[in-house]
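Right, one structure below, let's go through it.
No experiment lies behind these values; they were computed from the predicted model shown.
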Amino acid sequence: MNYELKKILVFPFVLLIRGYQKFISPFTPSSCRYSPTCSSYAKEALEKHGLLKGGWMAAKRILSCNPWGGSGYDPVPPKKK
(Lines give C-alpha, C1' and ligand atoms only; values in the text may rest on other atoms or scores of the structure.)
Protein backbone atom coordinates (compact mmCIF):
# COMPACT_ATOMS: atom_id res chain seq x y z
CA MET A 1 0.00 0.00 0.00
CA ASN A 2 1.18 3.50 -0.81
CA TYR A 3 2.80 5.21 2.19
CA GLU A 4 0.77 8.42 1.75
CA LEU A 5 -2.52 6.51 1.55
CA LYS A 6 -1.60 4.62 4.71
CA LYS A 7 -0.93 7.92 6.51
CA ILE A 8 -4.28 9.33 5.35
CA LEU A 9 -6.18 6.27 6.62
CA VAL A 10 -4.42 6.31 10.01
CA PHE A 11 -4.59 10.08 10.57
CA PRO A 12 -8.19 10.31 11.93
CA PHE A 13 -7.47 7.62 14.51
CA VAL A 14 -4.22 9.25 15.60
CA LEU A 15 -6.12 12.54 15.90
CA LEU A 16 -8.70 10.88 18.18
CA ILE A 17 -5.94 9.47 20.37
CA ARG A 18 -4.21 12.86 20.58
CA GLY A 19 -7.53 14.45 21.55
CA TYR A 20 -7.98 11.87 24.29
CA GLN A 21 -4.42 12.47 25.53
CA LYS A 22 -4.86 16.24 25.60
CA PHE A 23 -8.47 16.75 26.73
CA ILE A 24 -9.55 13.65 28.67
CA SER A 25 -6.53 11.86 30.10
CA PRO A 26 -5.20 14.79 32.19
CA PHE A 27 -8.49 14.91 34.09
CA THR A 28 -8.73 11.22 34.94
CA PRO A 29 -6.65 9.22 37.42
CA SER A 30 -3.71 7.35 35.93
CA SER A 31 -4.70 3.72 35.62
CA CYS A 32 -2.59 2.26 32.81
CA ARG A 33 -0.53 -0.72 33.95
CA TYR A 34 1.92 -0.49 31.09
CA SER A 35 4.76 1.70 29.93
CA PRO A 36 4.32 3.34 27.47
CA THR A 37 0.68 4.09 28.24
CA CYS A 38 -1.99 2.35 26.20
CA SER A 39 -2.85 5.52 24.28
CA SER A 40 0.81 6.15 23.39
CA TYR A 41 1.17 2.50 22.40
CA ALA A 42 -1.94 2.68 20.20
CA LYS A 43 -0.75 5.87 18.48
CA GLU A 44 2.70 4.43 17.79
CA ALA A 45 1.31 1.06 16.65
CA LEU A 46 -1.01 2.77 14.17
CA GLU A 47 1.77 4.99 12.83
CA LYS A 48 4.27 2.12 12.54
CA HIS A 49 2.08 -0.78 11.42
CA GLY A 50 -0.94 0.83 9.77
CA LEU A 51 -4.66 0.71 10.42
CA LEU A 52 -5.34 -3.03 10.45
CA LYS A 53 -2.29 -4.51 12.17
CA GLY A 54 -1.67 -1.46 14.38
CA GLY A 55 -5.35 -1.30 15.30
CA TRP A 56 -5.33 -4.99 16.21
CA MET A 57 -2.21 -4.55 18.34
CA ALA A 58 -3.74 -1.53 20.10
CA ALA A 59 -7.01 -3.37 20.79
CA LYS A 60 -5.16 -6.36 22.28
CA ARG A 61 -3.08 -4.05 24.47
CA ILE A 62 -6.09 -2.07 25.73
CA LEU A 63 -8.02 -5.24 26.50
CA SER A 64 -5.09 -6.65 28.48
CA CYS A 65 -4.75 -3.49 30.60
CA ASN A 66 -6.77 -4.69 33.58
CA PRO A 67 -6.07 -6.08 37.06
CA TRP A 68 -5.90 -9.64 35.71
CA GLY A 69 -3.83 -8.74 32.63
CA GLY A 70 -0.21 -7.87 32.18
CA SER A 71 1.84 -4.89 33.26
CA GLY A 72 5.30 -3.38 32.89
CA TYR A 73 7.37 -2.23 29.94
CA ASP A 74 5.78 -3.29 26.64
CA PRO A 75 6.99 -1.31 23.60
CA VAL A 76 5.51 -1.52 20.12
CA PRO A 77 7.45 -4.22 18.23
CA PRO A 78 9.42 -3.08 15.19
CA LYS A 79 7.92 -3.57 11.76
CA LYS A 80 9.08 -6.76 10.07
CA LYS A 81 10.61 -6.32 6.64
Roughly how far, to the nearest 0.5 Å, is CD of Glu47 from CZ of Phe11?
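Reported value, rounded in 0.5 Å steps: 10.5 Å.
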
Would you give the length of the straight line joining atom CG of Leu46 to atom CG of Leu9, rounded to the nearest 0.5 angstrom?
11.0 Å

Can you give me every donor-acceptor pair (side chain of residues 30-38, partner residue at least two apart or in another chain, under 3.5 Å) with its distance?
{"unit_1": "Arg33", "atom_1": "NE", "unit_2": "Asn66", "atom_2": "O", "d": "3.0"}
{"unit_1": "Arg33", "atom_1": "NE", "unit_2": "Gly70", "atom_2": "O", "d": "3.2"}
{"unit_1": "Tyr34", "atom_1": "OH", "unit_2": "Ser64", "atom_2": "OG", "d": "2.9"}
{"unit_1": "Tyr34", "atom_1": "OH", "unit_2": "Gly70", "atom_2": "N", "d": "3.4"}
{"unit_1": "Thr37", "atom_1": "OG1", "unit_2": "Ser39", "atom_2": "OG", "d": "3.4"}
{"unit_1": "Thr37", "atom_1": "OG1", "unit_2": "Ser40", "atom_2": "N", "d": "3.3"}
{"unit_1": "Thr37", "atom_1": "OG1", "unit_2": "Ser40", "atom_2": "OG", "d": "3.1"}

Is there a donor-acceptor pair under 3.5 Å between the side chain of His49 and the backbone N or O of Pro77?
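Pair found, side chain donor or acceptor close to backbone of Pro77.
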
For Lys48, which residues count as a side chain to side chain donor-acceptor pair (under 3.5 Å) partner, sequence neighbours excluded?
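With sequence neighbours excluded, Lys48 shows a side chain to side chain donor-acceptor pair (under 3.5 Å) to Glu44, given in chain and number order.
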
Nearest heavy atoms of Val76 and Met57, plus distance in Å:
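Nearest pair, atom of Val76 first, then Met57: CG1-CE, 4.1 Å.
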
Applying the 4.5 Å side-chain criterion to the ILVMFWY set and letting contacts propagate, would Leu51 and Ile17 be lumped into a single cluster?
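Result: yes, single cluster for both.
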
With sequence neighbours excluded, what pairs up with Lys60 under the salt bridge (charged side-chain N to carboxylate O under 4.0 Å, His left out) test?
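Result, salt bridge (charged side-chain N to carboxylate O under 4.0 Å, His left out) vs Lys60: none returned.
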
